[in-house]
There are 2 protein chains.
Amino acid sequence: MPSKYDAEPSRLDEAARAGWLYYVAGNTQDEIAKKLGVSRQSAQRLVSLSISAKLIKVRLDHPIARCMELSQHLKDKFDLRGCEVVPSDPTSSSVTLGIAQAGAAEMERHLKSEKPLIMSVGTGRTLRACVDQLQQMDCQMHSIVSLVGNIASDGSASAYDVIVRLADTVKAPHFPMPLPVIAASVGEREILQSQTLIRHILELAKNADVTFVGIGHLGEHAPLLEDHFITDAERADLQKVGAVGEIVGWTYDGEGNIIDGHTNDRVASAPMMPNHNKPVIGVAAGIDKIAAISGALRGKLVNSLITNEATAELLLK
Amino acid sequence: MPSKYDAEPSRLDEAARAGWLYYVAGNTQDEIAKKLGVSRQSAQRLVSLSISAKLIKVRLDHPIARCMELSQHLKDKFDLRGCEVVPSDPTSSSVTLGIAQAGAAEMERHLKSEKPLIMSVGTGRTLRACVDQLQQMDCQMHSIVSLVGNIASDGSASAYDVIVRLADTVKAPHFPMPLPVIAASVGEREILQSQTLIRHILELAKNADVTFVGIGHLGEHAPLLEDHFITDAERADLQKVGAVGEIVGWTYDGEGNIIDGHTNDRVASAPMMPNHNKPVIGVAAGIDKIAAISGALRGKLVNSLITNEATAELLLK
DNA sequence: TACGTTTACGGGCAAATACTCACTTGAATA
DNA sequence: TATTCAAGTGAGTATTTGCCCGTAAACGTA
């Protein structure tokens, strides 16, 4: 297997070099071509590769007035510890655009801490996008624990495996939860959660110093449904009793009250802790998530929010 | 008085937004212009402002990034034409690992030139390692000339015969210097260097288009000593008068000034040319060479450097 | 060895971007 | 009120970049 110190630098090494020269040093592609001894076209390919391989990470470091304003209003209205609003691109279809970078920055901020901390994380597309924006770090003193099972109904590991990727990038010890999101029965949940290993993980999660979760809606394309954790009948049922959103599998109504019974009887995730005294950061945006986010904020299921401009405006309506 | 949450966005806000749309969301400046309701040129100015105001932070997440940064700092600090820093493998004891490949690549880059050029080379373990990494080429139009004698004190050819191996690999006419590195006396040097053949070689060396040299230290295991070109007494003597390093036999102090007298009176190598206007590339790494490399850079005995990460960090201290 | 397939390369060109210059605006000042 | 000056604007233009496409080398297969 080729190592990092291979005689000939891998294509990615060259791409990194080209990307650095282009974005950091401000060379033109012609200059890069000359320096690396390749044609201009090859240099262009390398630069382009450095982006597509996610080697280049761009962030905006400026509080845009409009976003600051929205964030302040959200903080006031929902009594939040923190709130970050990133600009929206009205024409972009990507919901995680911008959110991902902001989420990653917030994660890094916590992970940079000298003293060991426990970070707990949920799962989902949004969190995964955040984790993809993280820079490599060395966080061996921290621990990362999953709040939610990563076993899909068919037994495979979830496609949005946030924790492994996260721990991999920041080189931290991690504790995924080898459980389904929702157990087959109440009894099964009892049995699963009584395992020593799982109890240890749940204990860790309870003591987490900071928590990052995504927020799922229960509409037509509910993540829980799309990932086959619940059936469409169950979803319809939940909606009927007023459920509007879901965090790590726990469904709740418009006021943020955890739904009694239904699938919640079988959710194997770590329990929600409304009004938690540590940062619990929800990362979510999108028009179809408005009700879900609003509920989570009202019920104080999360006490911090990272979202975008458009979503923030709707939440303040 | 305008508050932080003023409705009216400042120019920097607009710049931030434009920068965000450009770098994070990937819009073209035309699209940004449309969205912000300004002309395309203004959009360009905003984007450009977002960079010059350092609102946009670009990071390269790859081990190479550190090397690029170090290389840039070295270039700035010592006013170098070029500088390449290769990753260090902290677990490897080999000092030439990586350097050799980088050096070979640099040599090849020059040798690929269509128009005939003269390459002059020093000697030593490091250069030998570079040459061993060269690929076969056909460079009959170029000439390769040695800067330094290859006759050891016992009359044998040096074990690190760089030039013959180099010329052999790239099939170029070559001019080794049939001299000792250090003549027995000042007079002997005169006689040796007055030979027509030698004078021709020295003339060639003076007109070299590119030069590659190793950098030797004068510590306990100084190459000059180990190869029996100088005695331990001479070495101690040189150290006493401040010599820290040596290039093709010429010893110099911490500021890169060639030592007056001592062994330098008898060095038979081509003369050093500080501040040369052609590339003079030093190839060296290792903790015991720090002072020697630093001196060579300060005195502009070389104007380009190929080294490794660990050495680069120490040089910048 | 011959042949089909994949991969990378570089020429060329249209789109996108950066830069220059002459002009406008508005605030400060004589 | 006139003048100066800094900052911004749009037009025009040169440079840079992104991408298509034909060619060639590399690779796997028969």
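Just so we're on the same page: letters track the sequence lines, and every chain starts at 1. A quick note: this is a predicted structure, and the numbers were derived from the prediction, not measured.
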Exercise for the section: For A:K77, look at atom NZ and say whether over 12 heavy atoms of other residues, nucleotides or ligands are found less than 6.0 Å away. Expected result: yes
Could you tell me how far apart [X] ([atom1]) and [N] ([atom2]) are, to the nearest whole angstrom?
{"X": "B:Q29", "N": "D:dA11", "atom1": "CD", "atom2": "C1'", "result": "16 Å"}
{"X": "B:L46", "N": "C:dT17", "atom1": "CG", "atom2": "C1'", "result": "14 Å"}
{"X": "B:Q44", "N": "C:dT20", "atom1": "CD", "atom2": "P", "result": "11 Å"}
{"X": "B:N27", "N": "C:dA15", "atom1": "CG", "atom2": "C1'", "result": "16 Å"}
{"X": "B:L49", "N": "C:dA18", "atom1": "CG", "atom2": "P", "result": "13 Å"}
{"X": "A:I32", "N": "C:dG10", "atom1": "CD1", "atom2": "P", "result": "16 Å"}
{"X": "A:I51", "N": "D:dG18", "atom1": "CD1", "atom2": "P", "result": "7 Å"}
{"X": "A:L36", "N": "C:dC9", "atom1": "CG", "atom2": "C1'", "result": "16 Å"}

Practice task
Output the single nucleotide from C:dC9, D:dG10, D:dT17 whose closest atom is nearest the side chain of B:S42.
Solution key: D:dG10
Taking atom types as they are modelled, is there a donor-acceptor pair under 3.5 Å from the base of [N] to the side chain of [X]?
{"X": "A:R40", "N": "D:dG18", "answer": "yes"}
{"X": "A:R45", "N": "C:dG10", "answer": "yes"}
{"X": "B:Q41", "N": "D:dA11", "answer": "yes"}

Does the side chain of [X] reach to within under 4.5 Å of the side chain of [Y], using non-hydrogen atoms?
{"X": "B:I306", "Y": "B:I281", "result": "yes"}
{"X": "A:Q135", "Y": "A:V170", "result": "no"}
{"X": "A:N27", "Y": "A:Y22", "result": "no"}

Exercise for the section: Would you indicate, yes or no, if D:dG10 has its OP1 or OP2 atom less than 4.0 angstrom from a side-chain nitrogen or oxygen of B:S39? Expected result: yes
Practice task
Tell me whether the OP1 or OP2 atom of D:dT17 has a side-chain N or O from A:Y22 closer than 4.0 Å.
Solution key: yes
Handout entry: B:H276 side chain to B:N303 side chain, donor-acceptor N/O pair below 3.5 angstrom
Key = no
